[in-house]
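Only a predicted model underlies this, so the values are computations on that prediction, with no experimental measurement involved.
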Amino acid sequence: MTNKILWDCHMHSYFSADSETSMEDMINAAVSQGLTGICFTEHLDPDYPPTLDALEFSLNLPVYHEELLLLKEKYENKISVRFGIELGLQPHLGTYFSSLIHKYPFDFVIGSSHVVHGKDPYYPDYFDGRREEQAYREYFQSILENIEAFSEMDVYGHIDYVVRYGPDKNKNYSYQAFRDILDEILRSLIQKGIGIELNTGGYHYGLGEPNPSADVIRRYRQLGGEIITVGADAHTTDKVAFAFLKAADVLRQCGFRYYTVFENRKPVFLSL
């Protein structure tokens, strides 16, 4: 079956603290898969808490932008390369982000929840001393807090990211179990004109589903949501366009006949 999703709109290179892969290697991986375009969405997580592995999610935006423009021109006859960013949202950063995104000509801005009240669920101590359900619910509550503080992103990234790292991952997780708060999130995003993404990282984290899950994507569509981008959240070349055939099937099953890419912060709808 031919891949119907030809744009990977969530990927990282060595400009993100958790990747060591060059931008050019990521571009070549996308070209080899026959993609039409990609968007780099390098991490920027100000006020990221200290961790044992000492990751610091700062971003040298001038150098990142300069290198991207050079590669965009170099590969313009092979693939479209776009300039994006993934903002690590926390409520107190809203004003800072609002100013920042107008200083650079981004094509695409993802807002994501990584840090929840001072802790990243990537690290096990986020779950210490409480039930998994409580930890998941706090994560979803933090999304509502972030949307209230800042709503200038184009899509909200991997809405159930927390499930990747829970003690039982998605064994006990479902849309129905968190329907009240997930519906509140989805309605708020739709009301503010913010889309969501289908992030295939859930497949390479062993969930058997994307982030968010298919039921959440289906509910977003039922509520009137239209903007949905697709990204593999790749940090290495082998994950570029990961499980995109599955992603196309999920979108169709959830009622979509198209997916979205962004250029100059404007959505473009492409047929599946």
Closer than 3.5 angstrom, by distance alone: can the side chain of T21 be matched with the main-chain N or O of H235 as a donor-acceptor pair? yes
Aromatic plane relationship, Y64 with F15 - under 30° parallel, 30 to 60° tilted, over 60° perpendicular: tilted
side-chain hydrogen bond (donor to acceptor under 3.5 Å, both in side chains) between D120 and H114, intermediate numbers included: CA-CA 5 Å; D120 186 336; H114 299 128; 5.9 Å; no
Min side-chain heavy-atom separation D215-S174 under 4.5 Å: no
Measure from the ring center of Y165 to the ring center of Y205 and say whether it is less than 6.0 Å. yes
R265 and D154 ion-paired at < 4.0 Å: yes
Parallel, tilted or perpendicular: which describes the rings of F83 and H65, with under 30° parallel and over 60° perpendicular? parallel
Hey, quick one: are I85 and L70 part of the same hydrophobic cluster, counting side-chain heavy atoms closer than 4.5 Å, chains of contacts allowed? no
Is any side-chain heavy atom of E86 closer than 4.5 Å to a side-chain heavy atom of L44? no
Keeping T260 on the side-chain end and I228 on the backbone end, is there a donor-acceptor pair under 3.5 Å? yes
Is there a chain of hydrophobic side chains (I, L, V, M, F, W, Y, each step under 4.5 Å between heavy atoms) that links L69 to L59? no
side-chain hydrogen bond (donor to acceptor under 3.5 Å, both in side chains) partners of D180, counting only residues at least two apart: R137
Please verify the inter-ring angle class for F256 with Y220; under 30° counts as parallel, over 60° as perpendicular, anything in between as tilted. parallel
Salt bridge or not between R252 and D249? Use side-chain N to carboxylate O under 4.0 Å. yes
Using side-chain heavy atoms (C-beta onward) and a distance below 4.5 Å, is R219 in contact with R187? yes
Parallel, tilted or perpendicular: which fits the ring planes of Y136 and Y173, with parallel below 30° and perpendicular above 60°? perpendicular
